[in-house]
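Whatever order the structure lists them in is the order used to number ligands and atoms, beginning at 1. The first residue in the sequence is number 1, and the count goes up from there.
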Amino acid sequence: MTDSDKKLFGLSISDKKNLIERMRSRSRSETDKPRFTQKFSKALSRDIPEEYYKIESLPGLKQLQIHAAAAEKFGIENPFFRMHEAVASNTTWIGDKEYINFSSYNYLGLCGHPRISQKAKDAIDRYGTSTSASRPVSGERPVHRELERKLAAVHKTEDCIVFVSGHATNVTTIGCLFGSNDLILHDVLAHNSIIQGAILSGAKRLHFPHNDWAALDKILQENRSKFQRVLIVIEGMYSMDGDIPELVKFIELKYKHKAFLMVDEAHSLGVLGEKGFGIKEHFGVSANDIDIAMGTLSKTLSACGGYITGNHALVDNLKYTAPGFVYSVGMSPPVAAAALAALEILEAEPERPKRLRELGALFYHTAVESGLDTGLCQGYAIIPIIIGSSVLSVKLSNRLLENGINVQPIIYPAVEERGARLRFFLNSTHTEKQIKDTISILIKELNHLKRNPIYKLL
Ligand SMILES: Cc1ncc(COP(=O)(O)O)c(C=O)c1O
């Protein structure tokens, strides 16, 4: 061995080459897994049924396969995961065709607004695209606090904390604030994120009939004394049905039974209230009457993420204890900048929520007058048309697509079979003509489908 052949850690170049070659061949053999399968496969297949260790056997996939087989039988194309090639607002592009669009929560048409996109680009130029670690660890960016202060101001609360996902906001907030000695009461139609948070908390979980504060009162009378803390969770607008709770009644119950009240404003910010500031503004109640106010940035605010507003005690607690905040990356700066810019536009342009409410009322009244079933809908920004059959709903959605209208079906198990529906999300930029044309095409296509003897059986 020459001197030049000697390297760090005492390995010669040739030794090093041999070592690398050995490691490469080992990692190749590990990818193929012969060692492990040879060693353990007999024991495993003898003792444990395959469905317990094969990814392909997990129950979710089986359910999908059943749905796919049913869809094939009825000759139905999959209406989900359609590829949009442009900003999805009152119109969208799917493939190379433009459609009237009713499938986006872009309630005020702010996604794609030039000022919002520019603010996001400016934030990228200044901070890059990621904070790369959690905010406690990697530090704040000014835009995080600016967004939180603005959200707190809009909701008239002391403070706010933003999370990287709306779903995770509910899961981690409810999950970390409540525990096994507590009771969580939620509406039967509560969003999945609320239910997941309640499950994570380990608290006893009960639901009450939809929007039924009198039934909730009864449950509280019977159960309040058995638990330490009680949380009541409601939503500002229910996204499957487009209706709203009587907030004042729920506030009364919170005080009567010494409970906490949480309101999820995912679908009410930008929609309810003169200025679009949500359900509190709609009912003229004080922010202090709600202990935990939650919202998302992904809908009206055309960004991504969620937030909790409330007093300093709540926000400080979450900042140091909520796993979904402490152990998750800080919000991407351009996303925070986009939400902040959207909030500024919401504040400055109350004509947007006003127009949205007018269009919601137009869609709702036209549908009802045409004999369509709008379920519990109250005519704001979400209008369900109940079809009463999953197959028929999917088929109708596909027929509307062929007519240049994009609207999603909501089918079993997301709703019960007789509640299967098409769900229309309105946007302040829809035109009256788009709405009227859509309803008349829907009626024509529905009548056409119903004439087919197959659907008479459904
Ligand atoms: C009531 C409600 N809460 C929370 C969420 C989760 O929000 P995000 O989609 O922003 O994660 C949603 C989503 O649609 C929702 O409807």
Determine, for E432 against R355, whether the closest basic-nitrogen to carboxylate-oxygen distance falls under 4.0 angstrom.
yes

Residues that F277 engages under ring-ring contact (aromatic ring centres under 6.0 Å, His included), provided they are two or more places apart
none

Pairwise ring pair (Phe, Tyr, Trp, His ring centres under 6.0 Å) hits with a residue in residues 111-160, at least two apart
H155-Y307

Does ligand 1 have any N/O atom under 3.5 Å from a protein N/O, and what are those pairs and their distances?
| from | atom 1 | to | atom 2 | distance (Å) |
| --- | --- | --- | --- | --- |
| ligand 1 | 3 (N) | D264 | OD2 | 2.6 |
| ligand 1 | 9 (O) | K299 | NZ | 3.3 |
| ligand 1 | 10 (O) | S298 | OG | 2.6 |
| ligand 1 | 11 (O) | G166 | N | 3.2 |
| ligand 1 | 11 (O) | H167 | N | 2.9 |
| ligand 1 | 14 (O) | K299 | NZ | 3.0 |
| ligand 1 | 16 (O) | H267 | NE2 | 2.7 |

Identified salt bridge (charged side-chain N to carboxylate O under 4.0 Å, His left out) partner of D159 from the options R149, R145, K150:
R145

Pairs in or reaching into residues 215-242: which pass ring pair (Phe, Tyr, Trp, His ring centres under 6.0 Å), with residues at least two apart or in two chains?
H210-Y238

Salt-bridge contact D291-K254 (side-chain N to carboxylate O under 4.0 Å)
yes

